[in-house]
Amino acid sequence: MIPLLKQNIKLAFPIFLGQLAFTFISFIDNIMIGRLGASPLSAFSLSNNLIFLAFALNIGFTMMFTPLISEMYCIGKIKETKNILFHGFVVYTVLGIILFVILKILLFNLSNFGQSEQVVKTAKPYFSILLYSFIPAFLFQILKQFSDGVSKPKIAMYCILASLILNVSLNYCLIFGKFGLPKLGLLGSAIGTLISRCFLFFVLLICILKNNETKIFFKNLINHKFKFSSAKQIISLGSFSSFQVFFKITLLTSSVILSGKLSTTAQASNQIILSISALMFSIPFSLGTASAIQSSKLLAQKNSILFKKSLQSFFILSLFCSVIFTIVFQILKNKIPTIYINDNSVIFTVANTFVFLSLFQLIDSLETIALGTLKGVKDTLKPFFIAFFSYNIIAIPLSIILSKIIGIKGIWLGLSIGLIISLLFLIARIRRLYQNS
């Protein structure tokens with residue numbers, strides 16, 4: 001078990017650092033925007049969460065891209081790997097264009113989300129600029145999932161770290177008007193994010209094309225023959241995986257909408273909680289991705305015994321890390337909110353909601369591992385129905401009811417109960433697949 005733990009940590013660690021840096025960008029943005037006041041922070045929250053709903057669909061599709069690439073690459077099938085890469089690019093690019101159009105429509109309908117007039121007025125110009133950063137973001141995601149699939153996660157990790165430095169520097173200067181640049185406030189954050197995401201995509205593309213082990217897959221790629229059967233497989237697996245992720249992001253976005261209906265203070269508090277949650281989620285996300293890669297390799301090698309041990313090691317790692325993070329944040333729960341904002345009412349609300357956030361993160365970490373394992377063995381249909389039932393039928397309605405009783409605490413308690421239901425179903429699904437193997 002110890003060698004397997006070390007192997008899985010080695011695979012997951014670069015993915016974790018990359019994801020942590022990616023979420024840290026949002027973390028820093030939250031801190032800087034929080035200094036502008038509760039209204040800009042609420043506008044920032046509304047815009048980013050709506051855009052991330054669309055990005056979630058793209059993430060879901062490309063998450064299946066990684067195990068598909070990994071399965072062919074680990075047994076030396078270069079031609080088949082290149083075929084998946086080509087059709088993945090075609091499918092995901094078309095999807096990205098469709099999602100961009102949907103986001104454009106949402107931009108003109110922000111006032112229909114039940115938010116205050118001031119928040120909508122502040123959000124529209126920010127949203128309109130941030131929208132265009134979606135294009136390089138989803139193109140980067142395609143390349144990142146490919147590099148993870150060929151066991152080169154360090155390439156994307158270094159690019160994300162470089163982008164982090166650029167994004168934080170640009171946003172600081174443009175938000176607060178430093179080093180001779182104009183003071184643009186919330187708009188400065190959107191401009192800085194757009195520039196850094198363009199930089200992120202082009203740098204990763206150059207690195208992959210320069211790497212001797214990855215550039216062979218891009219040679220004459222544009223001349224590759226399109227086959228509908230290959231695209232159909234990616235669409236079929238990716239669509240169910242995509243909606244699993246979409247349902248999860250819908251959960252988090254529902255907390256934004258529900259908290260916004262409570263008060264501006266509740267919405268600003270919820271955005272801080274979401275930011276902290278994203279930082280904590282970096283570890284289970286990386287373990288879930290690594291679990292998908294490992295399970296796809298073991299599927300190709302038909303090694304069911306190691307499959308079980310690998311899953312157990314990922315559960316152990318996830319539980320250990322989640323408990324450590326929970327303890328740390330519980331101890332510092334009265335200090336952490338002050339990093340974001342100086343509003344006493346927001347600080348008090350965040351501190352008193354931490355216990356429910358801890359419960360949510362603990363269950364979410366285990367569920368992420370289970371979902372990643374099932375993605376690796378190309379099982380996406382049953383998890384799709386599990387996610388739909390647990391999130392939309394249980395979690396969101398329960399959050400609506402509980403939010404009317406205990407406020408923002410009820411939102412996160414309802415979400416946690418939904419995840420517990422999902423986790424139980426997913427574990428039962430994995431056990432059944434293992435017994436059949």
Side-chain angles (χ1 to χ4, degrees), residues 1-20 23 63 67 148 153 244-245 248 251-252 273-274 276-296 298 304-333 336 353-377 379 383 386-387 390-391 395 412-434:
M1 181 64 75
I2 298 299
L4 191 57
L5 282 169
K6 291 181 179 179
Q7 180 183 350
N8 289 338
I9 291 173
K10 184 178 179 180
L11 175 62
F13 189 67
I15 301 175
F16 160 69
L17 282 183
Q19 180 65 20
L20 182 63
T23 54
M63 283 180 73
D148 289 346
Q244 291 168 28
V245 177
K248 176 64 72 67
L251 279 185
L252 301 179
I273 293 171
L274 283 174
I276 297 170
S277 174
L279 282 174
M280 296 173 69
F281 184 68
S282 297
I283 290 179
F285 176 85
S286 61
L287 293 176
T289 303
S291 178
I293 295 172
Q294 287 287 65
S295 59
S296 66
L298 296 172
S304 60
I305 296 177
L306 196 58
F307 172 86
K308 180 180 179 180
K309 292 182 178 179
S310 178
L311 176 59
Q312 290 173 342
S313 71
F314 279 117
F315 271 131
I316 292 171
L317 289 171
S318 182
L319 273 170
F320 175 78
C321 295
S322 295
V323 170
I324 294 298
F325 267 80
T326 298
I327 292 173
V328 170
F329 280 117
Q330 281 297 314
I331 293 174
L332 301 175
K333 66 179 183 180
I336 293 173
T353 312
F354 257 102
V355 63
F356 297 95
L357 172 62
S358 298
L359 173 63
F360 176 86
Q361 286 297 140
L362 182 61
I363 304 303
D364 192 31
S365 65
L366 296 174
E367 193 215 26
T368 302
I369 299 294
L371 280 171
T373 300
L374 290 172
K375 284 183 174 71
V377 297
D379 185 32
I386 290 173
S390 302
Y391 300 169
W412 287 91
L413 179 58
L415 300 185
S416 299
I417 294 173
L419 288 186
I420 291 173
I421 301 299
S422 176
L423 175 62
L424 294 175
F425 277 118
L426 291 173
I427 291 176
R429 178 62 180 167
I430 292 173
R431 291 186 64 181
R432 183 174 181 179
L433 290 176
Y434 179 77

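Results of the side-chain contact (heavy atoms from CB on, under 4.5 Å) test with Glu367 over Ile421, Leu419, Ile386 single out Leu419 as the only residue that passes. Applying side-chain contact (heavy atoms from CB on, under 4.5 Å) to Ser318 and the options Thr368, Leu362, Ile369 leaves one that passes, Ile369.
When all heavy atoms are compared, the tightest approach of Ile363 to Ile420 is CG2-N, 3.7 Å. When all heavy atoms of Pro383 and Gln244 are compared, the pair lying nearest together is CB-NE2, 3.5 Å. Nearest approach of Phe425 to Ser390, heavy atoms of both residues: CD1-OG, 4.5 Å. A pairwise comparison of heavy atoms in Ala292 and Pro67 identifies O-CB, 4.0 Å as the closest pair.
Annotation: side chain of Asp379 is not in contact with side chain of Lys375 (no heavy-atom distance under 4.5 Å). Counting heavy atoms from C-beta on, the side chains of Leu423 and Ile427 come closer than 4.5 Å. Using a 4.5 Å cut-off on side-chain heavy atoms (C-beta onward), Thr373 and Gln294 make no contact. You'll find the side chain of Leu287 stays beyond 4.5 Å of the side chain of Phe315, heavy atoms only. Taking the side chain as every heavy atom from C-beta outward, Ile273 and Phe356 never approach each other to under 4.5 Å.
Checked against ring-ring contact (aromatic ring centres under 6.0 Å, His included), Tyr391 has no partners two or more places apart in sequence or in another chain.
One distance of note links CG of Asp364 with CG of Leu357; it measures 10.0 Å at 0.5 Å rounding. For the atom pair Leu366 CG and Leu424 CG, the distance stands at 10.5 Å (nearest 0.5 Å). For the atom pair OG of Ser365 and CZ of Phe314, the computed distance is 13.5 Å after rounding to the nearest 0.5 Å. Taking OG of Ser422 as the start and CD1 of Ile417 as the end, the distance is 14.0 Å to the nearest 0.5 Å. Phe354 contributes atom CZ, which lies 10.5 Å from atom CH2 of Trp412 (distance to the nearest 0.5 angstrom). From Ile276, atom CD1 reaches atom CD1 of Ile336 across 5.5 Å, with rounding to the nearest 0.5 Å.
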